[in-house]
Student: 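My questions will all concern the structure given below.
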Amino acid sequence: MPITANDPKRKTWLDTPADTDFPIQNIPFGVFLTRDDVITIGTRIGDYAIDLGALHQLGYFEGIPLTDDIFLQDTLNDFISDGKKTWRLVRNRIADIFDSENSKLRDHEEHRQTVLFTLDEIEMQMPVQVGDYTDFYSSKEHATNVGTMFRDPENALLPNWLHIPVGYHGRSSSIIPSGIPVHRPQGQTKPKDSDKPVFGPSKRVDFELEMAFITTDANVLGEPIPIEEAEDYIFGMVMFNDWSARDMQTWEYVPLGPFLAKNFASSISPWIVTLDALDPFRTESPKPEIEPLPYLKSSGKKSFDIHLEVSLQPENGEENLLAQSNFKYMYWNMSQQLAHHTVNGCPVNSGDMMASGTISGPTPDSYGSMLELSWKGEKPIKLKDGSERKFIEDNDTVIMRGFCNGKDRRIGFGEVRTKLLPVFQPKKK
């Protein structure tokens with residue numbers, strides 16, 4: 001089935017900014033609270049949010065096999081479970097409804113008033129109920145930088161890194177949408193001049209510039225997903241800030257890996273951009289340095305040219321651009337990650353979220369964490385207001401953005417914006 005929604009010549013009757021992340025060729029999916037305090041599934045074109053539940057009730061998806069309540073839910077999980085054919089049919093139909101040549105909704109004022117919202121009339125929600133969350137470690141540049149800092153620079157990568165997409169299971173309950181603040185975590189750390197750990201607030205809170213993909217129901221217990229079929233089970237992608245407490249992580253990660261240092265919060269952009277929308281921006285992954293085992297051998301363009309950037313905004317201050325990277329730097333692509341995740345028979349469900357791991361590029365201005373940008377705090381970053389940062393301070397806001405730029409369109413993710421608050425203080429009774 002062709003992806004007609006991607007037609008670069010298509011224009012919309014909606015008034016959209018020229019540089020929007022959300023042209024009619026994007027059509028992402030999300031969940032929002034409307035001005036009438038109703039939660040609905042929707043999409044976005046330009047600066048308009050579109051109520052898909054209302055569109056469906058008004059008959060605009062006639063001919064597409066959808067249940068009556070498919071868009072009247074507070075998560076996208078059931079819609080995602082319907083599979084790739086349905087996603088494509090719905091996205092193509094939305095493009096047709098809002099095409100400049102289609103007058104059916106454009107000229108029906110009552111229907112427009114029902115389905116269209118300006119962004120200040122809605123509040124974005126978590127788009128999916130995340131049952132399981134996996135965090136990979138798939139950027140060779142990032143893994144090399146971390147290995148150089150904390151281990152032998154001559155053997156920065158551990159022996160398994162070039163053979164498998166390394167990952168670990170994270171905590172889904174602390175994944176939150178953009179705009180919800182995060183509190184500085186507390187836990188154990190071990191000062192350099194002490195033989196014993198101490199308890200207290202993390203002094204090295206960090207961001208990690210990542211992306212994540214969301215899966216549909218893919219397999220049953222015991223059934224691997226072949227690498228050539230993996231993309232059929234990936235609904236779309238979001239920006240992902242995987243908050244980290246570096247000093248807590250240093251003490252706790254041996255022998256089982258990160259725990260409290262990573263599970264206190266992860267922030268996502270609220271609109272899921274489909275793989276169909278990203279299709280024109282496919283690119284090659286980095287060439288493997290070691291030939292992978294057969295189940296990890298992928299062919300064709302399995303990565304995407306997605307420009308990524310991260311900024312820091314002090315309270316009441318200006319934004320400071322800290323780094324610019326690109327998703328295409330990822331050594332292990334999403335198909336390899338999903339094939340490896342399931343090769344042992346692990347089942348994957350609708351709404352599962354799988355993060356890339358920190359995405360760092362080859363140059364210092366493309367590093368995807370403060371740990372790398374300030375090199376363990378040894379090279380503080382100077383901000384526009386004259387202050388310096390080694391790591392994130394209380395009341396700083398971290399903003400991440402991502403977009404694909406082509407000669408005929410820009411497809412973006414919007415942003416994930418999160419403020420770091422001081423340690424949580426319980427209310428006095």
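Only a predicted model underlies this, so the values are computations on that prediction, with no experimental measurement involved.
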Student: State whether Phe150 and Lys376 meet the cation-pi test: NZ (Lys) or CZ (Arg) under 6.0 Å from the six-membered ring centroid, and within 45° of the perpendicular axis.
Tutor: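 Geometry flag: set, cation within 6.0 Å and 45°.
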
Student: Determine the interplanar angle of the Trp375 and Tyr367 rings, folded into 0 to 90°, and report it as parallel if under 30°, tilted if 30 to 60°, perpendicular if over 60°.
Tutor: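 Ring orientation of Trp375 relative to Tyr367: tilted.
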
Student: According to side chain to side chain contact (heavy atoms under 4.5 Å, CB included), who are the partners of Pro197, at least two apart in sequence or on a separate chain?
Tutor: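 Partners of Pro197 under the side chain to side chain contact (heavy atoms under 4.5 Å, CB included) test: Gln188, Trp251.
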
Student: Going by atom types only, do Arg417 and Gln313 share a side-chain donor-acceptor pair under 3.5 Å?
Tutor: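 Per modelled atom types, Arg417 and Gln313 side chains form a pair under 3.5 Å.
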
Student: Tell me which pairs pass salt bridge (charged side-chain N to carboxylate O under 4.0 Å, His left out) where either residue lies in residues 115-134, with sequence neighbours left out.
Tutor: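 Listed by first then second residue: Arg35-Glu121.
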
Student: Which pairs with one or both residues in residues 157-166 pass side-chain hydrogen bond (donor to acceptor under 3.5 Å, both in side chains), sequence neighbours excluded?
Tutor: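 As it turns out, there is no side-chain hydrogen bond (donor to acceptor under 3.5 Å, both in side chains) pair with a partner in residues 157-166 once direct neighbours are skipped.
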
Student: Can you see which heavy atom on Leu209 is nearest to which on Ser325, and at what distance?
Tutor: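 Heavy-atom minimum between the residues: CD2-CB, 4.0 Å.
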
Student: Considering only NZ, NE, NH1 and NH2 on the basic side and carboxylate oxygens on the acidic side, decide whether Glu284 and Lys301 come within less than 4.0 Å.
Tutor: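 So Glu284 does not pair with Lys301 through a salt bridge.
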
Student: Listed by chain and number, what are the side chain to side chain contact (heavy atoms under 4.5 Å, CB included) partners of Asp15, not counting sequence neighbours?
Tutor: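 Testing Asp15 for side chain to side chain contact (heavy atoms under 4.5 Å, CB included), a comparison that skips the adjacent residues, returns none.
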
Student: Listed by chain and number, what are the side chain to side chain contact (heavy atoms under 4.5 Å, CB included) partners of Lys11, not counting sequence neighbours?
Tutor: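 For Lys11 the side chain to side chain contact (heavy atoms under 4.5 Å, CB included) partners, ignoring immediate neighbours, are Ser100.
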
Student: Do the side chain of Ser172 and the main chain of Val130 share a donor and acceptor less than 3.5 angstrom apart?
Tutor: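 Present.
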
Student: Give the intermediate values and the outcome of side chain to side chain donor-acceptor pair (under 3.5 Å) for residues Ser311 and Asn320.
Tutor: CA-CA 5 Å; Ser311 296; Asn320 296 260; over 6 Å; no

Student: Are the ring centres of Tyr329 and His142 closer than 6.0 Å?
Tutor: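 For Tyr329 and His142, the ring centres are not under 6.0 Å apart.
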
Student: Quick test of your reading of the model: are Asp19 and Arg410 salt-bridged, counting only N-O distances below 4.0 Å?
Tutor: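 No, Asp19 and Arg410 are not salt-bridged.
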
Student: Applying side chain to side chain contact (heavy atoms under 4.5 Å, CB included), can you list everything that pairs with Ile176, at least two apart in sequence or on another chain?
Tutor: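 Scan of Ile176 (side chain to side chain contact (heavy atoms under 4.5 Å, CB included), adjacent residues dropped) gives Ile180, Val182, Ser267.
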
Student: Could you give all pairs that pass the salt bridge (charged side-chain N to carboxylate O under 4.0 Å, His left out) test and reach residues 260-269, with sequence neighbours left out?
Tutor: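 Checked against salt bridge (charged side-chain N to carboxylate O under 4.0 Å, His left out) - neighbours excluded - the pairs reaching residues 260-269 are Glu208-Lys262, Asp242-Lys262.
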
Student: Would you kindly say whether Ser360 and Glu372 are connected by a side-chain donor-acceptor distance under 3.5 Å?
Tutor: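 Per modelled atom types, Ser360 and Glu372 side chains form a pair under 3.5 Å.
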
Student: Do any pairs count as a salt bridge (charged side-chain N to carboxylate O under 4.0 Å, His left out) and have a residue in residues 40-50, sequence neighbours left out, and if so which ones?
Tutor: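 The answer is Arg44-Asp47.
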
Student: Arg106: which residues meet the salt bridge (charged side-chain N to carboxylate O under 4.0 Å, His left out) condition with it, sequence neighbours left out?
Tutor: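 If we apply the salt bridge (charged side-chain N to carboxylate O under 4.0 Å, His left out) test to Arg106, skipping adjacent residues, there are no hits.
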
Student: Does a salt bridge link Asp96 with Arg10, judged by any charged N lying under 4.0 Å from a carboxylate O?
Tutor: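 Answer for the salt bridge query: yes.
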
Student: Would you mind listing every salt bridge (charged side-chain N to carboxylate O under 4.0 Å, His left out) that reaches into residues 166-184, with sequence neighbours excluded?
Tutor: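 Qualifying pairs, neighbours excluded: Arg184-Asp394.
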
Student: Verify whether the ring centers belonging to Phe136 and Trp332 lie closer than 6.0 Å.
Tutor: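 When the ring centroids of Phe136 and Trp332 are compared, they turn out to be at least 6.0 Å apart.
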
Student: Hey, are Ser303 and Asn333 close enough side-chain-wise for a donor-acceptor pair under 3.5 Å?
Tutor: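 Ser303 and Asn333 do not have a side-chain donor-acceptor pair below 3.5 Å.
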
Student: Answer yes if the side chains of Thr342 and Asn219 hold a donor-acceptor pair under 3.5 Å, and no otherwise.
Tutor: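 Checked: Thr342/Asn219 side chains show no N/O donor-acceptor pair below 3.5 Å.
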
Student: Does the side chain of Gln337 pick up a donor-acceptor pair with the side chain of Ser138 at under 3.5 Å?
Tutor: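 Note: Gln337 and Ser138 side chains meet the donor-acceptor criterion.
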
Student: Among residues at least two apart in sequence or on other chains, which ones pass ring-ring contact (aromatic ring centres under 6.0 Å, His included) with Tyr48?
Tutor: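 If we apply the ring-ring contact (aromatic ring centres under 6.0 Å, His included) test to Tyr48, skipping adjacent residues, there are no hits.
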
Student: Do Ser244 and Asp206 have side-chain N/O donor and acceptor atoms under 3.5 Å apart?
Tutor: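 Short answer, no.
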
Student: For Arg91 and Asn6, test the side chains for any donor-to-acceptor distance below 3.5 angstrom and give the result as yes or no.
Tutor: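 A pair is found: one side chain offers a donor N or O, the other an acceptor, under 3.5 Å apart.
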
Student: Show me, pair by pair, the donor-acceptor contacts under 3.5 angstrom made by side chains of residues 54-61, not counting sequence neighbours?
Tutor:
unit_1, atom_1, unit_2, atom_2, d
His56, NE2, Thr67, O, 3.0
Tyr60, OH, His111, ND1, 2.8

Student: Can you tell me if Ser81 and Asp217 form a side-chain donor-acceptor pair at under 3.5 Å?
Tutor: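 Side chains of Ser81 and Asp217: pair found under 3.5 Å.
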
